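Predicted model, so just to flag it, every value in this text is computed and none were measured.
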Amino acid sequence: MREQYYKKLNGGTAEERLSALANLIKLEDKPVRRDNDANNHIHTIYSFSPYSPTKAAYMAYRAGLTSAGIMDHDSLSGVEEFKKACEIVGLGSTCGVEVRCKYNKGFGKMNHPDQAECIYMAAHGIPAQNVKAFNAYLAPYRKKRNERDAEMCKLITGKFGKFGIELDFEKDVLPLSESHDGGSVTERHLLYALAVKLDKKFGRTPELIAFLENDLGLKVSDKIKAFLLDKENEHFLYDLLGVLKADTAFFYIGADEEMPDAEEFVKKAKEFGAIPAYAYLGDVGDSVTGDKKAQKFEDDFLPELIKEIKKSGFLACAYMPTRNTPSQLQRLGKMLKENCLFEISGEDVNSPRQKFACAALALPEYAHLIDSTWALIGHEAISSEKGVEYGMFSKKSIEETPDLYERIKKFAAIGHKTVK
């Protein structure tokens with residue numbers, strides 16, 4: 001019976017998934033809690049992920065987290081399900097959306113690996129009454145993104161057609177997404193669809209490895225080779241996607257119409273009661289998570305960039321402790337405090353090999369990120385209950401508690417009261 005409910009967490013309708021979750025947790029022992037842990041950056045099937053909103057909440061719960069946050073690209077369509085799932089398993093929860101925005105301030109490449117004058121940013125802590133309106137605002141950008149995705153499929157076919165592999169956006173890519181239900185379609189969807197085609201052509205064979213290395217010129221580590229040759233590997237397509245992701249230049253088309261201007265998006269996020277945040281990436285050496293190649297990002301001009309995002313109205317900076325070195329985070333944290341920017345943590349979960357828990361958050365130097373998470377939960381809760389004028393960065397709250405760090409403590413107390 002347990003296995004049947006578990007399988008349903010990723011299938012059927014949202015109602016069926018939530019029902020399965022409610023039944024499943026009755027059959028299981030409660031996990032060991034990780035009070036010093038938080039994750040506000042969990043992707044779901046509404047952008048790219050192996051997890052439905054319900055299963056994402058369940059995985060966070062089983063990992064011992066006491067709170068979890070949904071963060072899909074260009075979409076808030078999974079929020080209602082995720083929030084209900086978190087309530088079922090007793091997790092504090094936050095909701096947000098990740099977007100790419102135009103930010104032409106002369107910095108060149110910032111936190112986007114493929115495009116200059118473009119940034120990834122997030123809107124965190126969106127009040128419940130504004131989720132649908134915010135999602136409607138994002139809908140035209142999702143449509144424009146689909147148009148670009150279709151053009152990129154043609155470029156992929158241009159390279160792979162000589163090998164008998166073609167990629168059709170409507171037939172091969174869209175069915176892998178929740179586009180029909182307000183989800184977005186990302187570059188990862190394209191690469192996953194390509195991985196499916198390669199699996200059909202080569203299977204888990206030495207011929208696949210030879211094709212990747214000799215025909216495509218991609219580097220495949222011994223560890224990944226073992227994964228790709230393992231007949232029992234349930235994560236095969238994700239592992240293959242990871243290899244293909246190393247070379248996207250041949251098909252990547254720069255985003256344009258699908259991107260709002262960053263400063264305009266900041267204003268819009270604030271109108272909806274959300275907290276706009278810059279997503280720090282940082283220079284990558286040996287990628288801890290294995291999905292970033294070594295390259296330079298914003299570290300060389302970080303002081304200037306932080307001052308500029310503050311000037312542009314950003315209220316926060318989000319970062320992922322496992323992605324960066326202690327020295328990078330220490331430097332970043334100092335600048336954020338100097339500029340009075342709210343710090344938000346989260347691990348970018350979009351692959352089955354990634355962990356929901358973040359061991360680094362148990363270290364004393366990151367304890368403030370736990371308080372920040374509960375403050376974010378408190379902000380979202382009181383803004384949903386009383387209105388955006390009661391949010392953490394509202395005029396009323398700033399006048400009552402001018403010091404940001406005292407305000408964080410105040411809203412964290414509110415956040416803790418949301419979990420029964």
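- Annotation: side chain of Pro276 is in contact with side chain of Lys270 (closest heavy-atom distance under 4.5 Å).
- Between Asp72 and Thr44, the side chains place a donor N or O and an acceptor N or O closer than 3.5 Å (distance only, hydrogens not considered).
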For this session: Report the C-alpha distance between Lys159 and Asp247 in whole Å, list the side-chain angles of each, state the deciding distance to 0.1 Å, and finish with yes or no for salt bridge (Lys or Arg N to Asp or Glu O under 4.0 Å).
Result: CA-CA 12 Å; Lys159 178 171 181 175; Asp247 180 20; 3.3 Å; yes

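- With Leu281 as reference, Phe297 is the one residue of Phe297, Tyr120, Tyr319 to meet the side chain to side chain contact (heavy atoms under 4.5 Å, CB included) rule.
- Taken from NZ in Lys310 to CD in Glu338, the straight-line distance is 12.0 Å, to the nearest 0.5 Å.
- Using a 3.5 Å distance cut-off with no hydrogens or angles, the side chains of Asp35 and Thr66 do not pair a donor with an acceptor.
- Contact check for Ile42 versus Tyr51: no side-chain heavy atoms found under the 4.5 Å cut-off.
- Counting only heavy atoms from C-beta outward, the side chains of Ile275 and Met392 approach each other to under 4.5 Å.
- Between Lys197 and Glu166 there is no salt bridge, since no side-chain nitrogen of the basic residue lies less than 4.0 Å from a carboxylate oxygen of the acidic one.
- With 3.5 Å as the limit, one finds no donor-acceptor pair spanning the side chains of Ser177 and Tyr46.
- With respect to the salt-bridge test (charged N to carboxylate O, under 4.0 angstrom), the residues Arg100 and Asp74 do not qualify.
- Relative orientation of the Tyr58 and Tyr6 rings is perpendicular, given thresholds of 30° and 60° on the angle between their planes.
- The pair Glu151-Lys154 meets the salt-bridge criterion, with a side-chain N (NZ, NE, NH1 or NH2) lying under 4.0 Å from an Asp/Glu carboxylate O.
- The pair Arg148-Glu187 meets the salt-bridge criterion, since a charged nitrogen lies less than 4.0 angstrom from a carboxylate oxygen.
- Considering only heavy atoms from C-beta on, Arg323 stays 4.5 Å or farther from Gln328 through its side chain.
- When only modelled atom types and interatomic distance are considered, Thr54 and Ser52 share no side-chain donor-acceptor pair under 3.5 Å.
- Across Leu241, Asp149, Leu194, Leu176, a single residue satisfies side chain to side chain contact (heavy atoms under 4.5 Å, CB included) together with His189, and that is Leu176.
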Exercise. Between Glu258 and Lys143, is a salt bridge (Lys or Arg N to Asp or Glu O under 4.0 Å) present by the stated rule, with each step listed?
Worked result: CA-CA 8 Å; Glu258 70 192 65; Lys143 182 179 179 181; over 6 Å; no

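- Taking the side chain to side chain donor-acceptor pair (under 3.5 Å) definition, one finds that Arg17 meets it with Glu81, sequence neighbours left out.
- Residues satisfying the side-chain contact (heavy atoms from CB on, under 4.5 Å) test with Ile25, not counting sequence neighbours, are Leu21, Tyr61, Ile88, Val89.
- With salt bridges taken as basic N to acidic carboxylate O contacts below 4.0 Å, one links Lys225 and Glu213.
- In this structure, Glu257 does not pair ionically with Lys102, as no charged nitrogen and carboxylate oxygen lie closer than 4.0 Å.
- No side-chain donor-acceptor contact under 3.5 Å links His124 and Glu380.
- Between Glu80 and Lys84 there is a salt bridge, since a side-chain N of the basic residue sits under 4.0 Å from a carboxylate O of the acidic one.
- At a threshold of 4.5 Å between non-hydrogen side-chain atoms, the residues Ser312 and Tyr278 do not count as touching.
- Ionic pairing of Arg34 and Asp37 is present here: one or more N-O contacts between side-chain nitrogen and carboxylate oxygen are shorter than 4.0 angstrom.
- Using a cutoff of 4.0 Å between basic side-chain nitrogens and carboxylate oxygens, Glu28 and Arg62 are scored as salt-bridged.
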For this session: I would like to know whether Phe107 and Tyr103 meet ring pair (Phe, Tyr, Trp, His ring centres under 6.0 Å); could you show each step before the answer?
Result: CA-CA 9 Å; Phe107 292 112; Tyr103 199 58; 7.0 Å; no

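- With contacts defined as side-chain heavy-atom distances shorter than 4.5 Å, the pair Phe227/Arg353 qualifies.
- No hydrogens or angles considered: nothing links the side chains of Glu298 and Asn111 as a donor-acceptor pair under 3.5 Å.
- Annotation: side chain of Phe301 is in contact with side chain of Met110 (closest heavy-atom distance under 4.5 Å).
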Problem set entry | Steps toward side chain to side chain donor-acceptor pair (under 3.5 Å) verdict (Glu347, Thr322) | CA-CA 8 Å; Glu347 297 301 308; Thr322 61; 2.2 Å; yes

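- Cation-pi contact between Arg204 and Phe236: present, with separation from the ring centre below 6.0 Å and deviation from the ring axis of at most 45°.
- Aromatic ring pairs are classed by plane angle as parallel below 30°, tilted from 30° to 60° and perpendicular above 60°; the pair Phe134 and Phe265 is tilted.
- Using cut-offs of 30° and 60° for the angle between ring planes, the His368 and Tyr366 rings count as tilted.
- Under the 4.0 Å criterion applied to side-chain N and carboxylate O atoms, Lys144 and Glu147 are assigned as salt-bridge partners.
- For the residue pair His43 and Asp348, a side-chain donor N or O sits within less than 3.5 Å of a side-chain acceptor on the partner.
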